[in-house]
Every structure is written in C-alpha cells, then in structure tokens.
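Predicted model only: the values in this text are computed from it and were never measured. Both ligands and their constituent atoms are indexed starting at 1 by order of listing. Note: hydrogens, waters and symmetry copies are ignored here, and every other heavy atom, side chains too, is used.
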Amino acid sequence: MELLTIGAFSKASRLSPKALRLYDELGLVTPARVDPVSGYRLYAPAQLERARLVAWLRRLGMPLTRIRAVCDLPPEDAAQEVRAFWERVEAETAGRRELATFLIGHLSWKEPIVPKQLQIRYAALSENGLVRESNQDVAYADSRLLAVADGFGASGASASAAAIEALKSVEALPAGDLLNVLDEAVEQAGRAVTGVSGTEESGTTLTAMLWTGSRLALVHIGDSRAYLVRGGEIFQITTDHTMVQAMVDDGRLTPEEAGVHPQRALLLKGLSNTDGTALASAPDIRLHDAEAGDRYLICSDGLSAVVPPEEVRRVISTVAEPDDAVRELVALAIAEGGPDNVSCVVADVGPAD
Ligand code: MN
C-alpha cells in the first residue's frame, strides 16, 4: 500500500499539516506509520474519509472529544450523534436568541430628549366560566402593572395570586435599572409560588407587563398570551411554553393540529411549587417601546384556546373602551361553553393628559 506524506495527505484532506499533527496528538487521526528516522508522519489513502469527517465535524463546531466518539461509531450511530448534537445547539441558540433580543433592545434604547408623555388606560376581568369548580386565574391591572396568571394543581389559585402579589410589591420602575428590577420581580414571583403549600404539584403561568412610562417590560412563562395591536395589525408577542408549540416549532405539528391536540395544555414551563422540575425554568423577558395608539391584550388560555382567533381580533380591534373589550372577550368565551377559567387585560397607550 502506497502511503502518503503529510504534505500530500494534507492537500487531499484539506487539513493543514498543523491540524493533522494536532489530530494525531489527540488520537483523532493517527498516521498509518511514523518514519522512525525522520519522524515524518505517513498516512494511508483509506484514512482520507476519516480525516474529512473530522474536518466537517470541526466546521460544525463539535468539540474534539465528541468528534473522537463520533468517528469511532458505525455510520448509523454517528448520524444519530450528529443529530443529537445539532438539536442541542439549536435549543441553546434559541434560548440565547431571546436574551440577545432583550439585550439589544435594552442597550440601544436612548432616553428621549423630550420624554415621551404616555399613559395607559386599562381594564382587567377574570371569570370562572361554566365548567370549573373554582377560578384559579388572576387578571390584574393598575397604572404600573398588567398581568394574567393561570394557576394549576390543587393550590393553583394560591399560586397565581402569589405570583401577582409579588409583582405588585415591586417598587416604581426607574427606567435605567430595568434589568435588576425585572430579575428581582421574577425571582420574587418564583419564590412566592415555591412557598405555596400542597403535596401535589401546583403552579401558575405568568404573563405580565411592567410599565415605565414609555416602555413595557414583558415577563412571560407558560401558555397565557400577550398580543399587541399596532397600526391595524395584531401580533402575538409571546410564545406558548407548551409541548405542542415546541412540536410546531420543530415542524412536527401544524398550528391547526396543535389547537386540537389532546395534550395541548401540557406546559413545558411555569412557576411551580416543586423545585428541580422542568417547570422551574427561566421566563422570557422582553422590552417593548410603547407608542401612542398601541393596544395590549393579555389573556389566559381560557380565552385563546376557546374563542376563534378572528373573533378575538374583531373585538380587540373594534371595541374602543378597554372596559367594554374585556367584558366582550369574556362573554365570547362563555358563549363557547366557558370550559376553562377566562381572564383578560386590555390596555391602551395614549398621550398623557
Ligand atoms: Mn387555563
């Protein structure tokens, strides 16, 4: 068998001699022979395939130790390893994308020379519905805080109430200190829910907006939702932390299939009274520059999963008064059979008086 010099092998594999020496030291691609006199590394042509695979995996950003494991596997198992590696990369990237978006908004925001003089007009309404024994939802609105929490489990009502109480106790928001304030608020809400008693797991979703006077800081965990109506269009500005939404994101379900999936209410995240579960994970945090004319809707799944989206859209874009809008939205859910507790908050951003 004709062996290749490191130079020839380098050209054929498109790996630099320096990289080949490193891979040798790491045991990734061991030369077929090392000349005992000159110390030159010699490679067999059959090693090209492995060397190319190493190069491709490096390009993928796979750590060297993991590359070694993949190279030693039969092709089918190697394919599975690459798939698993890439799924983790994508999950991590998605998590960091949220944080990056938040930080970009935070860092690029400039205190306006003439401060925006905005205020919000708001209404909140929560009702039991026609089926549930009690109302575990809480809807809350005041001049600084808009929030919906949807409790679950035996102590769900205490959990949703505790989360909102914790946010209410956050002092007035200095715009420059927003990061600290948000972190603190979320932590307090988490602690409050952890303190809820009960042997079975209980917890709550939490979708809340804290108003600074010109910006809204959004905190979101679970499957309650926030929508923004701006310029005649309606945007859902939260992502459901549910199993079915994750399957839609992966292309395994269509949004239509997700809406009727038997496990559509299964949460991937929430604030929970049991530590160490998957539910005790970090909320999404985001900043919104408010504009005069904006309307925000926050609602529990007792509205969004029950009332057809076009009906929600119609009410939210045509009913002028927040008070009337929340009443109409809740009435729609009741008219659909009111299978769940139903809550909504509507807030309009307008110029200050
Ligand atoms: Mn619900």
*Asks:* Is Arg314 salt-bridged to Glu310, going by a charged N under 4.0 Å from an acidic O?
*Replies:* no

*Asks:* With a 4.5 Å limit on heavy-atom distance, are the side chains of Trp86 and Met62 in contact?
*Replies:*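 Side chain of Trp86 against side chain of Met62, heavy atoms only: no contact under 4.5 Å found.
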
*Asks:* State the atom name: nearest N, O or S atom of Asp340 to the Mn ion (ligand 1).
*Replies:*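 Within Asp340, restricted to N, O or S, the Mn ion (ligand 1) is closest to atom OD2.
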
*Asks:* Side chains of Lys269 and Leu267: closer than 4.5 Å at any heavy-atom pair?
*Replies:* no

*Asks:* Can you give the angle Asp150 OD2 - the Mn ion (ligand 1) - Asp301 OD1, rounded to 10°?
*Replies:*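 With the Mn ion (ligand 1) as the vertex, the angle is close to 80°.
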
*Asks:* Under 2.8 Å from the Mn ion (ligand 1), can any N, O or S atom of Asp223 be found?
*Replies:*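 No.
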
*Asks:* Donor-acceptor pair, distance only, cut-off 3.5 Å: does the side chain of Gln47 make one with the backbone of Ala44?
*Replies:* yes

